[in-house]
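Have a look at the structure below before the remarks.
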2 protein chains.
Amino acid sequence: MIYIAGMDDHTDRTRKPRADAVRNRELVLEAAKVVFNAGGPEASLEAVAKRAGVGIGTLYRHFPTREDLFEAVYRREVEQLSEFAEQLKNAKDPVDALRRWLRSGVEFVATKKGMVAALALAVQSGSELHAFSFDRLTKATGSLLDRAVAAGEMRADISPEDLLRAFFGMCYIHDQPGWQSTALRLLDVFVDGLRVQPVAKPKAHTTKRAKPAAKPKR
Amino acid sequence: MIYIAGMDDHTDRTRKPRADAVRNRELVLEAAKVVFNAGGPEASLEAVAKRAGVGIGTLYRHFPTREDLFEAVYRREVEQLSEFAEQLKNAKDPVDALRRWLRSGVEFVATKKGMVAALALAVQSGSELHAFSFDRLTKATGSLLDRAVAAGEMRADISPEDLLRAFFGMCYIHDQPGWQSTALRLLDVFVDGLRVQPVAKPKAHTTKRAKPAAKPKR
DNA sequence: TTGTTAAGCGGAGGCTGCCTCCGTATCTTC
DNA sequence: GAAGATACGGAGGCAGCCTCCGCTTAACAA
């Protein structure tokens, strides 16, 4: 078989992916979304496979680990969330923009029961697979945070990662009756804390600030 | 059998608990502490039983659920933590006292790998069993918080429960390389946010404050 | 079309952990 | 020492995880 230069349709001489494989992947994803949103992140993978109408083996071939499946299911949602940040970049008040973004995050979490676990995955432990979500969210947060810092309204020693973790932490209590209002309240406090303090504090706090959050190598 | 008033040794006419039962309970607790601290809260209960040198049935009789065991294991630690709060009540600067308490909490979590799960249990979901830990911690937090509020240094619309949840949330990312410094930084920001803002904000934020955290009925 | 072959399918089966149940052993009490 | 209450332990049933491999099917070439 001769490779024809310039033939850029599918640049590599690889077989087209099988139609059934593509279809099944989609079926699994759809089923997983339903099952995870209903039963939480602990839900049985066999249940997902059954709902999708595929064998358990098929599920595992497409998504070798539970986390893979998770990431795939919530990728779209994460993307949505970061797009909202994009929009907010044009808001007048940068602090308010950040605040609003965080608040919208709470709402997001509220509607998707599995979302917290997805965020956990994105924010937590430096495994490989969650890279996408983590990057997206970090960038989204960063763009809002940076603006506020540049405007001189916020302290500069909190990294986007830090903020993300704080956000996540505050949403983590998401299976209590009134968790939403709690989370919103806590986030407000946090954002207030992020503001550059208008006057010197009465007592200089010597709790030494950590050096500006070392960016994770990546 | 005649009940003798004033005989206050064991006030009720019940059998003395069996010696082996008492011993086994202790063995299980000790084993659980080791296993949980090493393997995290997911660790196998059968492993605990094996380590304790008792049958799995014995373990379950003493601690019908995993949570029961958890609570028992970390009860002492929780107590210690709240005692520290007690000491701090005499500190001069109430804001600083609170800050220090939270920070010490981070250290605590750092040394006990299972501690976060224990806190989660205490802070999360209103099941029955965690009442003790939750109460202890709420009171500890409350006493410090109240003092700061009374001194006019902190806003009054955050309940001890809220604060506890925030603390927990920030510790939740406890399996990352640098999580400790992150958590400390985040807590500092949060405490700053809690302070009564010295001057009116440049732009009145209309994000309406939730009504002063309704105390959970209990 | 048809044949070839890589890719994908599915579920049996091995494994681990959860939890219950009950015959047996041990301790307390008298 | 005997009786009776209490606790012990682990077999066994169940569920979920994940792997492995014989069978099926879609893509491609001719």
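Only this structure's heavy atoms are used, side chains among them; waters, hydrogens and symmetry mates stay out. Note on naming: letters A, B, ... go to the chains in the order of the sequence lines (proteins, then strands), and numbering restarts at 1 for each one. This is a predicted model, so every value here is computed, not measured.
- Proximity of A:Arg100 to A:Asp96: side-chain heavy atoms (C-beta onward) are separated by under 4.5 Å at one or more points.
- Residues from residues 45-59 of chain A lying near DNA chain D, meaning a heavy-atom separation below 4.0 Å, are A:Leu45, A:Glu46, A:Ile56 in numerical order.
- Between B:Cys171 and B:Val116 the shortest heavy-atom distance is O-CG2, 4.2 Å.
- Near-neighbour residues of DNA chain D inside residues 25-40 of chain B, defined by a heavy atom below 4.0 Å, are absent.
- Rounded to whole Å, the distance from CG on A:Asp20 to P on C:dC9 is 5 Å.
- A pairwise comparison of heavy atoms in A:Leu88 and A:Arg147 identifies O-NH1, 3.7 Å as the closest pair.
- Look at A:Ser44 and you won't find any side-chain N or O under 4.0 angstrom from OP1 or OP2 of D:dA15.
- In this structure, A:Arg23 atom CZ and D:dT25 atom P are separated by 11 Å, rounded to whole Å.
- Distances shorter than 4.0 Å separate none of the side-chain N or O atoms of A:His62 from OP1 or OP2 on C:dG8.
- Side-chain proximity of A:Tyr60 to the nucleotides D:dC17, C:dT26, C:dC19 is greatest for D:dC17.
- Considering only side-chain N and O atoms, A:Asn24 lies under 4.0 angstrom from the phosphate OP1 or OP2 of C:dC9.
- For the pair B:Gly114 and B:Asn37, the tightest heavy-atom approach, listed with the atom from each and the gap, is N-OD1, 3.5 Å.
- Here C:dT26 presents its C1' atom at 12 Å from CZ of B:Arg61, a figure rounded to the nearest Å.
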**Q.** B/S/- contact track for nucleotides 1-7 of chain C, protein heavy atom under 4.0 Å
**A.** ----BBB
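- Within 4.0 Å of A:Arg66, counting heavy atoms only, lie sugar-phosphate atoms of the nucleic acid but no base atom.
- Between the side chain of B:Trp101 and the backbone N or O of B:Leu81 there is at least one donor-acceptor pair closer than 3.5 Å.
- When side chains are defined from C-beta on, B:Asp188 counts as touching B:Arg103, because their heavy atoms get closer than 4.5 Å.
- C:dT16 atom P lies 18 Å from atom CD of B:Glu42, rounded to whole Å.
- A salt bridge links A:Glu71 and A:Arg75; the closest N-O separation between the charged side-chain nitrogens and carboxylate oxygens is under 4.0 Å.
- Comparing D:dC8, C:dG8, C:dT29 against the side chain of B:Lys16 picks out C:dT29 as the nearest.
- Note on B:Asp146 versus B:Lys89: no salt bridge recorded, every NZ/NE/NH1/NH2 to OD/OE distance being 4.0 Å or above.
- Annotation: side chain of B:Arg155 is not in contact with side chain of B:Val149 (no heavy-atom distance under 4.5 Å).
- The two residues B:Ala31 and B:Val48 have their closest heavy-atom pair at CB-O, 3.6 Å.
- With A:Arg66 contributing its side chain and A:Glu42 its backbone, the two residues share a donor-acceptor pair below 3.5 Å.
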